[in-house]
Amino acid sequence: GAGVSQSPSNKVTEKGKDVELRCDPISGHTALYWYRQRLGQGLEFLIYFQGNSAPDKSGLPSDRFSAERTGESVSTLTIQRTQQEDSAVYLCASSLAWSSYNEQFFGPGTRLTVL
Amino acid sequence: AQTVTQSQPEMSVQEAETVTLSCTYDTSESDYYLFWYKQPPSRQMILVIRQEAYKQQNATENRFSVNFQKAAKSFSLKISDSQLGDAAMYFCAYRSSSGGSNYKLTFGKGTLLTVNP
């Protein structure tokens with residue numbers, strides 16, 4: 001595809017339910033990143049993948065959050081037992097490789113609302 | 001840990017005028033990258049300009065330029081000849097160029113820019 005895509009665009013869920021957010025990176029990009037953007041805030045780093053492995057998961061807010069990546073392509077961010085504080089825009093980015101020189105290209109994000 | 005501060009939550013400018021957005025950062029590293037990203041209502045983060053810390057020359061991209069003051073840890077964005085399409089949230093970001101955390105961007109809280117016709 002031409003750019004990073006994310007689905008769904010918007011997700012409304014009830015407190016306590018599980019949600020899955022999907023990210024399709026740019027073809028050939030080996031590095032993939034998840035960020036969270038709370039209302040009125042900048043982006044917070046959550047996790048990144050180099051290939052299918054996640055060397056750094058320290059940004060995940062709690063053990064209710066998990067992510068996986070398969071085939072060095074699609075990634076899924078799962079939030080279990082959602083809480084109202086999880087409401088945010090979740091942005092995915094990909095880059096050719098993980099080194100700092102390579103630009104991160106962002107998707108349009110998924111807006112998650114937990115009622 | 002690195003931090004990025006944007007002290008102007010909102011700014012406004014008249015069309016065709018010039019506006020400067022401020023950003024300061026804190027780091028103990030000597031080599032890093034700084035970025036300005038634009039986020040329109042579509043939520044898509046768009047890279048506006050990048051500066052390598054080892055370069056003394058300020059980066060320029062068409063109507064966008066930066067004033068990089070390494071000693072002061074300041075990195076401001078100047079938008080010349082402002083256009084209605086420049087209206088967006090602007091984020092300053094930092095990225096290490098080496099070491100264990102050079103894969104992630106650290107963002108400020110953003111400045112909402114309004115362009116008045």
Side-chain angles (χ1 to χ4, degrees), chain A residues 1-11 21 23 26 29-51 53-60 88-112, chain B residues 1-10 21 23-25 27 29-55 59 61 75 88-112:
Chain A
V4 178
S5 60
Q6 292 186 246
S7 61
S9 178
N10 292 282
K11 176 71 176 179
L21 312 180
C23 172
I26 293 172
H29 280 195
T30 61
L32 186 146
Y33 314 80
W34 283 98
Y35 293 86
R36 178 172 71 174
Q37 184 178 20
R38 287 172 157 165
L39 186 65
Q41 303 293 313
L43 280 69
E44 306 168 67
F45 169 82
L46 297 179
I47 188 171
Y48 99 102
F49 289 89
Q50 179 56 27
S53 65
D56 183 2
K57 303 178 182 179
S58 63
L60 295 177
V89 175
Y90 290 83
L91 289 149
C92 174
S94 70
S95 65
L96 198 56
W98 62 269
S99 70
S100 56
Y101 183 77
N102 290 284
E103 180 181 346
Q104 294 185 18
F105 294 85
F106 284 83
T110 293
R111 182 180 298 281
L112 174 66
Chain B
Q2 295 81 23
T3 59
V4 177
T5 302
Q6 293 178 249
S7 59
Q8 307 154 314
E10 298 184 25
L21 308 183
C23 172
T24 58
Y25 57 95
T27 184
E29 299 174 333
S30 60
D31 202 13
Y32 47 86
Y33 295 91
L34 294 166
F35 306 84
W36 279 98
Y37 280 87
K38 171 184 178 181
Q39 187 180 42
S42 67
R43 301 198 303 246
Q44 190 92 39
M45 295 285 283
I46 301 164
L47 179 63
V48 174
I49 199 164
R50 172 170 68 186
Q51 174 80 42
E52 291 90 340
Y54 66 86
K55 290 186 177 178
E61 287 288 340
F75 182 61
M89 184 72 86
Y90 286 81
F91 291 97
C92 179
Y94 172 102
R95 187 174 184 181
S96 300
S97 65
S98 62
S101 62
N102 64 342
Y103 45 82
K104 63 181 176 182
L105 291 161
T106 300
F107 288 85
K109 292 186 177 182
T111 296
L112 180 62

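Letters A, B, ... mirror the listed sequences (proteins, then strands); counts begin at 1. Note that the coordinates shown come from a computational prediction; the quantities given were computed from them, not determined experimentally.
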Visitor: Under a 4.5 Å cut-off applied to non-hydrogen side-chain atoms, are B/R95 and A/Q104 in contact?
Guide: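 Yes. Closest side-chain heavy atoms under 4.5 Å.
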Visitor: First locate atom CD1 of B/I46, then atom CZ of A/F105, and finally report the distance between them rounded to the nearest 0.5 Å.
Guide: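 With rounding to 0.5 Å, CD1 (B/I46) is 12.0 Å from CZ (A/F105).
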Visitor: Does any backbone or side-chain atom of B/Q6 lie under 4.5 Å from a heavy atom of chain A? Answer side chain, backbone, both or neither.
Guide: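 No part of it gets close to chain A.
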Visitor: With a 4.5 Å cut-off on side-chain heavy atoms, are B/M45 and A/L43 touching?
Guide: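 A side-chain contact under 4.5 Å exists here.
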Visitor: List the residues meeting side-chain hydrogen bond (donor to acceptor under 3.5 Å, both in side chains) with B/Q44, not counting sequence neighbours, and say none if there are none.
Guide: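 So B/Q44 forms no side-chain hydrogen bond (donor to acceptor under 3.5 Å, both in side chains) with any residue.
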Visitor: Using non-hydrogen atoms only, which part of B/Y32 is less than 4.5 Å away from chain A: side chain, backbone, both, or neither?
Guide: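 No part of B/Y32 comes within 4.5 Å of chain A.
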Visitor: Can you tell which of A/G40, A/G42, A/S9 has the highest number of heavy-atom pairs within less than 4.5 Å of chain B?
Guide: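 Answer, by heavy-atom pair count under 4.5 Å with chain B: A/G42.
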Visitor: Could you tell me which of B/T106, B/L47, B/L112 has the largest number of non-hydrogen atom pairs under 4.5 Å with chain A?
Guide: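 Result: the option with the highest number of such pairs is B/L47.
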Visitor: Using the side-chain contact (heavy atoms from CB on, under 4.5 Å) criterion, which residues pair with A/E44? Sequence neighbours excluded.
Guide: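 Result, side-chain contact (heavy atoms from CB on, under 4.5 Å) vs A/E44: A/R36, A/R38.
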Visitor: Look up atom CZ in B/R43 and atom CD in A/Q6, then write down how far apart they are to the nearest 0.5 Å.
Guide: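 Spacing of CZ (B/R43) from CD (A/Q6) equals 8.0 Å.
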Visitor: With side chain to side chain contact (heavy atoms under 4.5 Å, CB included) as the test, would you mind laying out the steps for A/F45 and B/F107 before giving the verdict?
Guide: CA-CA 9 Å; A/F45 169 82; B/F107 288 85; over 6 Å; no
Visitor: Looking at CZ of A/F106 and CG of B/L105, how far apart are the two atoms once the value is rounded to the nearest 0.5 Å?
Guide: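 A/F106 atom CZ to B/L105 atom CG measures 5.5 Å (nearest 0.5 Å).
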Visitor: Do A/E103 and B/Y33 have side chains that approach each other closer than 4.5 Å (heavy atoms only, starting at C-beta)?
Guide: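 No, side chains not in contact.
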